Amino acid sequence: MGGEDPALAREVLRQFTLLQRGVVDCVSADELKRRLASAIRAGRPLRVKLGFDPTSSDLHLGHAVVLRKLRQFQDLGHHAVFIVGGATAMLGDPSGKDKTRPTLSREQVEHNAATYLEQAFKVVRREEVSQGGGSAALEVRNNADWFLKQGFADFIRLASKMTVARMIERDNFTKRMKEGAPIGIHEFLYPLLQGQDSVEVRADVELGGTDQLFNLLVGRDLQVDAAQAPQICMTMKVLPGLDGVQKMSKSLRNYVGLTFPPDEVFGKVMSVPDALMGTWYTLLTDVAAEEWEPLASRDPREAKAALAARMADWLHGAPAGSDARARFDKLFRDKEVPDDVERHLLPAAETPDGRLWIVDLLCRLKFAASRGEARRLIQGHGVKLDGAVVVDDKLEVDLGREVLVQAGKRRFARVARGA
RNA sequence: GGGGAGAUACCCAAGUGGUCAAAGGGGACGGACUGUAAAUCCGUUGCCAUCGGCUUCGCAGGUUCAAAUCCUGCUCUCCCCA
């Protein structure tokens, strides 16, 4: 770096510092500074790539961590390239997995891709790229567009760019081999495809979780091979899920979906172990550590509730957080029945005498998946009728007038016999 | 291509002819405590049902009064050799 222009140097440092939040690896930091400097000097924004495979139909807070980073680049005037892994989704990324994932059909992938973008726009600015540059905030690409057009020869050529030795020294493959777990050859191909994406879109920077570092680095090699400047690889700390141990993922069911309703967002965040609060604040908010740390040590519940409300506001707009909190406090802290309990009317035909066996009632309400489960729930004293614990699993409930059914702490329904 | 090992419920894992709906652990759910945190304790964890019945141990057949357990074929996985 020349370093003659102090204004430029300051701007580079400002951007660089902001961008460091939540970042674990940056390959390399110096390159990033240099690239920022030349971008600013030339008025040519960096092309920042982030890709997701539409392997399920939900994005969650774990995805949001990197999406936020992408948004941060946008806010600094850079150009986001969002890759939908239409082709790679069919392969299945081995990163962070201890087992092979099932490959998906074309149809599933396309369906998922559609819902994905919508969810991503909760975090990323969506102005589409305009031809002449200008307000180019976002460019959406689907890697099916290039991969499905390529021929066999192209594919083999790509495969030749990687060695088996390098592949198997990758930690999660080593681990799986040691455990005797299967590894499909197709899983070796995945990083190459992801790397090729970087070549296709001429990425300056690629974002990902720490478990993506290997894949991101492959992109660098392929770019060099294609006579492009190698992308800077930035990995973000992976967001731990609700269990506090494993990374947030839909298949582990420890996630908070970006489309979850406010109450659920609030409640799930409240169930995050205290020890993780700092990580969540760092990765999912811009709140300075000096702000949340004192609160978290003085009043952890309050700090977490503030975080939870913030998440709900973020995903649903301003009053959602405080509203959710009010309902949450009422239900769990004050142990009161919520205001908006769903009402069910059972058709009279189903209850000729106006009575219904409690076990069937629970099944009808989907509070239990089977009669056996309903029985167990009752035997475990988990069912209340008008506030009183049900002890008899043979109870016939009189639906002549409305009754309040509660299963566990959070499932409520008001039921009466319909016409 | 040759040799060996293996596939058990949501996951890991015991069980090698009846007493096995299948030990143990994890997870999940419910209860107590609480801040839907952590820690701890208790209960439940195939389906239907009143005794009782029905379906389940990779898949398909077979032997037997009786199979997760024995036999045959198939599918999949791992290891060693080539």
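Letters A, B, ... mirror the listed sequences (proteins, then strands); counts begin at 1. If you're wondering where the values come from, they're calculated on a predicted model, not measured in any experiment.
Looking at residues 378-388 of chain A, you'll see Gly380(A), His381(A), Gly382(A) sit with a heavy atom under 4.0 Å from some atom of RNA chain B. Near-neighbour residues of RNA chain B inside residues 291-324 of chain A, defined by a heavy atom below 4.0 Å, number-ordered: Pro300(A), Arg301(A), Lys304(A).
Under the side chain to side chain donor-acceptor pair (under 3.5 Å) criterion, Asp204(A) pairs with Arg35(A), sequence neighbours left out. Shown here are the side-chain contact (heavy atoms from CB on, under 4.5 Å) partners of Arg220(A), two or more places apart in sequence or in another chain: Val27(A), Glu31(A), Leu217(A), Pro230(A), Gln231(A), Cys233(A). Contacts of Tyr281(A) classified as ring-ring contact (aromatic ring centres under 6.0 Å, His included), with partners at least two apart in sequence or in another chain: Trp292(A). Scored by the salt bridge (charged side-chain N to carboxylate O under 4.0 Å, His left out) test, Arg202(A) finds no partners at all (sequence neighbours excluded). Residues that satisfy the ring-ring contact (aromatic ring centres under 6.0 Å, His included) test with Phe16(A), not counting sequence neighbours, are absent from this structure. For Phe260(A), the ring-ring contact (aromatic ring centres under 6.0 Å, His included) criterion is met by Tyr255(A), not counting sequence neighbours. The side chain to side chain donor-acceptor pair (under 3.5 Å) search around Arg157(A) returns Asp154(A), not counting sequence neighbours.
Counting only residues at least two apart or in different chains, side-chain hydrogen bond (donor to acceptor under 3.5 Å, both in side chains) contacts with residues 58-72 of chain A comprise Asp58(A)-Lys250(A), Arg68(A)-Asp286(A), Lys69(A)-Gln72(A), Arg71(A)-Asp75(A).
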Measure all distances between protein nitrogen or oxygen atoms and nitrogen or oxygen atoms of nucleotides 3-7 of chain B, and list the pairs falling under 3.5 Å.
none

Look for any protein N or O under 3.5 Å of an N or O in nucleotides 45-48 of chain B and output each such pair with its distance, or none.
| unit_1 | atom_1 | unit_2 | atom_2 | d |
| --- | --- | --- | --- | --- |
| C47(B) | OP1 | Ser370(A) | OG | 3.0 |
| C47(B) | OP2 | Arg376(A) | NH2 | 2.5 |
| C48(B) | OP1 | Arg371(A) | N | 3.0 |
| C48(B) | OP2 | Ser370(A) | OG | 3.4 |
| C48(B) | OP2 | Arg371(A) | N | 3.4 |
| C48(B) | OP2 | Gly372(A) | N | 2.9 |
| C48(B) | O3' | Arg371(A) | NH1 | 3.3 |

